[in-house]
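Following: one structure in C-alpha cells, then a few remarks.
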Amino acid sequence: MELYLNATSPYARVARIVALERGLTDDVSLRWCDPWVDDEALLAVNPASRVPALVTDEGTTLSESLLIAQYLNARGNGIDLLPGAALAEVLSHTGFGQGLIDAAFTTVIARKHQGAAADESVLGQRRERAIARLLATLEGHERTRKGEPEPLTLGDIVVGVALDYLSFRLPEVDWPSRHQQLAAWHRALLGRESFRETAFA
Ligand SMILES: N[C@@H](CCC(=O)N[C@@H](CS)C(=O)NCC(=O)O)C(=O)O
C-alpha cells in the first residue's frame, strides 16, 4: 500500500498512526507530497488533491482519513481500534475529534489566505466557538475521565491528534491550561510510540 501524506496534515497523521498501531509499517510505503501544489503523483491517484490518500495493493485509491482508518483497521494485527462492543461510543468520540480538527484546520487555512480578518468573520467566530465547546465537551468526556487512553481506540487517536494540532498551529488557544484533565489524558497518549514517531514538525 502507498500512503500519500505531508508532515503537517492532522488528517494524514491520523492515517499514519492507525497504520502504526495496526502493525502495518512494513506494508505501507510513505509518499511524501505537497497537496497545495499540483503534485502530479498525488493528482494521478486523488483528483481532490488532498492528503491522506491510500492506494491499496490492488490499486484502489481511498481518500478521507476516517475511511482510510477504517480500511487499515480491518488489516494488520494490532489493537482493534473500532471495537464492536463500544462502536457508538468510539464513533461519537471520533466525531468530536474530527470536528475539532476541521475547525482548527479551517482556521489555519482561512488565516493563511485571508489574513487575521478571517478570525473576525462570521465563520471565523463560529469556528472559535465550536473549538471552545468541543474542548469543554472533551474535558468532561467519559473517555477523558477514564484517565488512560487504554485500550486505544480510533476516537483516542483522532482526539489526540486534534489536541496536538491545536498546540502546534493555534498555541494562543492554550487549551492545556484551561482543560487540565484533558491535558493529563493527552500526555499519556503522547507517550505512545505511534504519536512520538509522527510528531508534527
Ligand atoms: N476530510 C478530509 C480532509 C483532508 C484535507 O483537507 N487535507 C488537507 C491537508 S491537511 C489537504 O490535502 N488540503 C489540500 C487542498 O485542500 O487542496 C480527510 O479527513 O481526509
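Counting convention: from 1, in listed order, for ligands and their atoms alike.
To the nearest 0.5 Å, atom CG of residue Asn6 and atom CG of residue Leu30 are 12.0 Å apart.
Checked against the 6.0 Å centroid criterion, the rings of His141 and Trp185 do not qualify as a close aromatic pair.
For the residue pair Leu43 and Asp38, the shortest heavy atom distance occurs at CD1-CB, 3.8 Å. Across every non-hydrogen atom of Ala69 and Leu154, the tightest pair is CB-CD1, 3.8 Å.
Closer than 4.0 angstrom to ligand 1 lie heavy atoms from Ser9, Pro10, Tyr11, Pro35, Trp36, Ser49, Arg50, Val51, Pro52, Glu64, Ser65, Gln98, Phe105.
Under the side-chain contact (heavy atoms from CB on, under 4.5 Å) test applied with Leu54, the options Thr60, Leu5, Leu62 reduce to a single match, Leu62.
Hydrophobic clustering (ILVMFWY, side-chain heavy atoms < 4.5 Å, transitive): Val159 and Phe200 are in one cluster.
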